[in-house]
Amino acid sequence: MALARYLIGKMLVRDAPDGRAGGRIVETEAYVPGDASGHAYIGETARNRSLFLRRGHAYVYFIYGVHFCVNVSGETPGVGAGVLLRALEPVDGIELMRARRGMRRETDLARGPGRLAQAMAIDRSQDGVDLCSRGPLWLGSAPREEGRIKTSVRIGIRKEAHRPLRFYEAGSPYVSGPPALRA
DNA sequence: CGGCTGATGATCT
DNA sequence: GATCATCAGCCGG
């Protein structure tokens, strides 16, 4: 999906009661219409309805009883698809992110979808928000030019595991996954 | 470094 | 009752 590639380098900004945090998106995964690994595959339900909103809305879900993950809805109204935001390069509110994550290395603050959500204090209360206009969570322009963007298989899924729908900024230390999928 | 595992709960069948 | 787009911690090499 073109959106997944387009989002690399853009800012994700979060305004929460305890302050602002933001970072450059360095890793995404597309979950396209008809994709058996996508949460929209089973059709619209109470949980995944945000994936069926017009492109640019947040879909936030709770996984493994432990973590939240954030998607950007990617299609026209009624069509379920999204882009998982897998990693950020922290830019604003780095100390705030550290406090939320429990004092870790900067490269681990938002490296992976669960860590990203924790660093940005994202949970189901942001589900369905319009990311294209300023609010508790939104997308901003790229602070600088992105590096080379590469493609790979997606991480952590079982179905449709061969499809090259993961996008990342090559060589960034803020990208998740095994070394072979970060180079 | 790589590999394994327990944690923990919403969701859907 | 099974599944799950994960992570931290612990182990061995």
Side-chain angles (χ1 to χ4, degrees), chain A residues 1-8 12 21 23 25-53 55-75 79-90 97-128 131 137 139 150-169 171 173-183:
Chain A
M1 172 187 298
L3 177 62
R5 177 178 286 267
Y6 168 82
L7 287 172
I8 300 291
L12 180 69
I25 298 168
V26 294
E27 182 185 357
T28 63
E29 282 179 357
Y31 288 84
V32 298
D35 183 345
S37 68
H39 287 188
Y41 188 65
I42 58 174
E44 188 170 346
T45 67
R47 174 210 199 193
N48 69 16
R49 76 186 185 291
S50 296
L51 281 176
F52 293 80
L53 297 174
R55 181 205 296 248
H57 289 73
Y59 163 54
V60 181
Y61 66 92
F62 189 53
I63 190 71
Y64 293 116
V66 182
H67 297 107
F68 293 95
C69 295
V70 199
N71 286 236
V72 180
S73 67
E75 285 290 336
V79 179
V83 174
L84 173 67
L85 303 182
R86 286 197 57 93
L88 299 181
E89 173 184 332
M97 296 171 99
R98 266 198 239 276
R100 289 169 177 162
R101 294 269 303 128
M103 281 311 216
R104 302 193 156 270
R105 291 177 314 196
E106 190 169 316
T107 50
D108 283 342
L109 289 179
R111 205 182 70 155
R115 293 163 169 172
L116 181 158
Q118 186 180 23
M120 300 286 276
I122 293 169
D123 59 36
R124 279 232 95 189
S125 63
Q126 280 80 53
D127 183 61
L131 297 171
L137 182 67
L139 291 165
K150 296 182 80 172
T151 306
S152 84
V153 294
R154 294 172 292 185
I155 293 175
I157 60 172
R158 314 189 52 156
K159 302 171 197 160
E160 307 275 3
H162 61 285
R163 305 182 72 173
L165 291 173
R166 172 175 175 264
F167 300 86
Y168 62 99
E169 188 171 55
Y174 302 100
V175 171
S176 74
L181 295 187
R182 309 200 283 106

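By convention in this document, chain letters (A, B, ...) are assigned in the order of the sequence lines, proteins followed by strands, and residues within each chain are numbered from 1. For clarity, every value in this text was computed on a predicted model and none was experimentally measured.
Across the protein-nucleic acid pair, A/Phe62 atom CZ and C/dT3 atom C1' stand 14 Å apart, rounded to whole Å. To the nearest angstrom, C1' of C/dA5 lies 14 Å from CZ of A/Arg163. Counting to the nearest Å, the C1' atom of C/dC7 and the CD1 atom of A/Ile155 are 13 Å from each other. Here B/dT11 presents its P atom at 17 Å from NE2 of A/His67, a figure rounded to the nearest Å. Atom CD1 in A/Ile157 sits roughly 17 Å away from atom P in C/dT3 (whole-Å rounding). Put simply, CD on A/Glu27 is 10 Å from P on C/dT6, counting in whole angstrom units. Protein atom OH of A/Tyr64 is 13 Å distant from nucleotide atom C1' of C/dA2, rounded to whole Å. B/dT11 atom C1' lies 18 Å from atom OH of A/Tyr41, rounded to whole Å.
Heavy atoms of A/Arg86 sit under 4.0 angstrom from primed sugar atoms or phosphate atoms, though from no base atom. Within the 4.0 angstrom heavy-atom criterion, base atoms lie near A/Gly65. Counting any heavy atom pair closer than 4.0 Å across all strands shown, A/Arg166 reaches no nucleic acid atom. In this structure, A/Ser37 reaches the bases: a heavy-atom distance under 4.0 Å links it to at least one base atom across the strands shown.
When each of A/Pro113 and A/Arg158 is assigned the nucleotide of DNA chain C bearing its nearest heavy atom, the one mapping closer to the 5' terminus is A/Arg158.
Summarising the geometry, atom CG belonging to A/Leu85 is positioned 13.0 Å from atom OH belonging to A/Tyr59; distances are rounded to the nearest 0.5 Å. Interatomic distance, A/Asn71 CG to A/Leu131 CG, rounded to the nearest 0.5 Å: 10.0 Å. Interatomic distance, CG of A/Leu181 versus CZ of A/Arg154, reported as 13.5 Å (0.5 Å rounding).
When each of C/dA8, B/dT11, B/dG2 is scored by its nearest atom to the side-chain atoms of A/Arg104, the top-ranked nucleotide is C/dA8. Listed nucleotides B/dA10, B/dT11, C/dC4 differ in distance to A/Lys159; the shortest reach to its side chain belongs to C/dC4. Taking only side-chain atoms of A/Arg124, from C-beta outward, the nucleotide of B/dT11, C/dA5, C/dT6 with the closest atom is B/dT11. Of the candidate nucleotides B/dG2, B/dA7, C/dC7, B/dA7 has the atom lying nearest to any side-chain atom of A/Val66.
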Is there a side chain to side chain contact (heavy atoms under 4.5 Å, CB included) between A/Glu27 and A/Tyr174 once you walk through the steps?
-> CA-CA 9 Å; A/Glu27 182 185 357; A/Tyr174 302 100; over 6 Å; no
Side chain to side chain contact (heavy atoms under 4.5 Å, CB included) between A/Leu139 and A/Ile25, intermediate numbers included | CA-CA 10 Å; A/Leu139 291 165; A/Ile25 298 168; 3.8 Å; yes
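Contact between the side-chain N/O atoms of A/Arg101 and the OP1/OP2 oxygens of C/dA8 is found at a separation under 4.0 Å. Contact between the side-chain N/O atoms of A/Arg115 and the OP1/OP2 oxygens of C/dA8 is found at a separation under 4.0 Å. In terms of phosphate contacts, A/Thr45 brings a side-chain nitrogen or oxygen within less than 4.0 Å of OP1 or OP2 of B/dC12. Phosphate contact (OP1/OP2 of C/dA5, side-chain N/O of A/His39, threshold under 4.0 Å): present.
Residue-nucleotide stacking is present for A/Tyr31 and C/dA5, judged by a side-chain ring centre under 5.5 Å from the six-membered base ring centre and planes under 30° apart.
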Parsed dot-bracket for DNA chain B after applying the Watson-Crick and G-U rules with both distances under 3.5 Å and | for other-strand partners is |||||||.||||.
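In this pair, A/His39 and A/Tyr61 present their aromatic rings perpendicular. The plane angle is above 60°, beyond the 30 to 60° band.
Within 6.0 Å of atom CZ in A/Arg98, more than 12 heavy atoms from other residues, nucleotides or ligands are found, so the atom counts as buried in its surroundings.
Inspection of the A/Gln118 and A/Arg101 side chains reveals an N or O donor paired with an N or O acceptor under 3.5 Å.
Taking 3.5 Å as the limit, the base of C/dA5 and the side chain of A/Tyr61 contain a donor-acceptor pair of atoms between them.
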